[in-house]
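Here's the structure, in structure tokens; my notes come after.
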Amino acid sequence: MTTILLLSADTGGGHQAAAQAIACELRGQGFLPEQIVIVDTFNRCRRWPFYRLGAVHRWAVSTRPGRLLHTLMFWWDQEPRSRGLADAFCHWGMAPLFAELEQLYPQAVWVTLHPFITQAVGRWKLRTSPSLRMATVVTELAFAPWACFHPAADLCCVANQQVAQQALRVGVAPHKLRVTGLPLKPGFSQPPPCAMACRQKLGLARQTPTILLISGGEGFAGSIVDLCRELDQRLASKAQLLVVTGYNADLRRQLEQQTWRGSVSIRGFVENMETCIGAADLVLTKSGPGTLSEVLAVGRPMILFAHLPGPERRNVDYLVSQGAALFLPRQADLARGVLELVADPPRLDAMRRCAQLLSESGSAARVGAGIRELAT
Ligand code: UDP
């Protein structure tokens, strides 16, 4: 029996969301639940610092010195000599886990969802296990770092033609490359939902224009709490605000302690992101590829207010140049931008149409089909 190992990571929510989307899709395609294993790769490593990478990532995206580290890592990726060293280190850190996985699941297809894991598995395949079947799912939207690709992979799934061109430039063989879109959870494969029905499901006022703020907020020149207060003051009677704080429990607590003038609904980590996005007329978010792809799939206009150094910066350029988003990293501009857009429905409509043009429906099914072919 072939097992599908989805080698994911808890560095941000995007890799995990993609792994879950692929797992759902494979179950839908007839794989048994026991054939699909999501591996929390870094947390299962026993070698330092790999089992700490989740915490390092959280530090790296939320503090100034951490962001410097993030920038350095991106620089590492661009430099061939430093790349070799770092990849050897990743392989050293993960090799004992790979040996264990090969023993547990001898007939497996290995699907990598994170650049460090892609490099480590590629090296493992070349050096130790040449018959291993390997697929790579690149979870980037507009630009993928070099480390997302490995020549040893038998299949490489990318979000769009732009990333496919990068893959070809770094030597991925054309016959291994598939433009699939980023795999999104099943809720996103339905036609765009009706905003009023989504608001009702969420217990929000059906008829009131709705702004969704998906926090994150790293690199945003302002505080999310202050921004919400300002939007609340200015929007009070014109729109309602739905705030999703995700993994950020501190932010949720701070927001819940505020007194609001208008309607502000605070949610922590939500499992029904498609309904939250569907309820919105306008989405405010940082520039993570997973969230952006989900907002495009639902077809909602966006204001981006932050990005991490590296690929997220390119996501901003991509969406702004395509007319689907505005980039307003300063709190004062952001609040003003929201008010102007809410007061300008034709402009919101034009942005919504641009977002719909960029959406990739059926992406998880295409990724699932590729993995299935490798498995048979
Ligand atoms: N997410 C979620 N519930 C939340 C907050 C986030 O399901 O409350 C998901 C979101 O829908 C997306 C992922 O987490 O699929 C975040 O991925 P992204 O690539 O945008 O950012 P990352 O966290 O990887 O930097």
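Order of listing sets the numbers, starting from 1, for every ligand and every atom in it.
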If we ignore angles and hydrogens, is there a donor and acceptor under 3.5 Å between the side chains of Ser129 and Glu102?
yes
Report yes if the distance between the aromatic ring centroids of Phe42 and His57 is under 6.0 Å, otherwise no.
no
Hey, is Pro289 touching ligand 1 through its side chain, its backbone, both or neither, going by heavy atoms under 4.0 Å?
both
closest protein heavy atom to atom 24 (O) of ligand 1 is Gly14 N, 2.8 Å
Determine whether the side chain, the backbone, both or neither of Glu271 has a heavy atom under 4.0 Å from any heavy atom of ligand 1.
neither
For Asn160 and Val163, indicate whether the former's side chain and the latter's backbone hold a donor-acceptor pair under 3.5 Å.
yes
Which residue and non-hydrogen atom of the protein lie closest to atom 21 (O) of ligand 1, and at what distance in Å?
Gly288 CA, 3.9 Å
Just let me know how Thr291 lines up against ligand 1, side chain, backbone, both or neither, with a heavy-atom cut-off below 4.0 Å.
both
Do Leu184 and Ile38 share a hydrophobic cluster (ILVMFWY, side-chain heavy atoms under 4.5 Å, transitive)?
no
Can you tell me how the ring of Phe98 sits relative to the ring of Trp110, calling it parallel under 30°, perpendicular over 60° and tilted otherwise?
perpendicular
Quick check on Gly268 - does any of its heavy atoms sit under 4.0 Å from an atom of ligand 1?
yes
Heavy-atom distances under 4.0 Å are what count here, so tell me which part of Lys286 touches ligand 1: side chain, backbone, both or neither.
side chain
Using heavy-atom distances only, which candidate in His57, Met273, Gln20 approaches atom 6 (C) of ligand 1 most closely?
Met273
Ion pair present between Asp333 and Arg336, side-chain N to carboxylate O less than 4.0 angstrom?
yes
Applying a strict under-4.5 Å side-chain criterion to I, L, V, M, F, W and Y, I'd like to know whether Leu296 and Leu357 cluster together.
no
Quick one: nearest non-hydrogen protein atom to atom 3 (N) of ligand 1, plus distance?
Val270 O, 2.8 Å
Please name the residue in the list Lys176, Arg133, Lys125 that meets the side-chain hydrogen bond (donor to acceptor under 3.5 Å, both in side chains) test with Asp154.
Lys125
Quick one: do the Glu25 and Gln29 side chains pair a donor with an acceptor below 3.5 Å?
yes
Heavy atom of the protein closest to atom 23 (O) of ligand 1 (residue, atom name, distance)
Gly13 N, 2.7 Å
Protein residue, atom and distance nearest to atom 19 (O) of ligand 1, heavy-atom basis:
Gly290 N, 2.8 Å
Give yes if a backbone or side-chain nitrogen or oxygen of Val244 is under 3.5 Å from a nitrogen or oxygen of ligand 1, and no if not.
no
Under 4.0 Å to a heavy atom of Ala17 - the qualifying atoms of ligand 1, by number
15 (O)
For atom 15 (O) of ligand 1, what's the nearest protein heavy atom and its distance?
Glu294 OE2, 2.6 Å
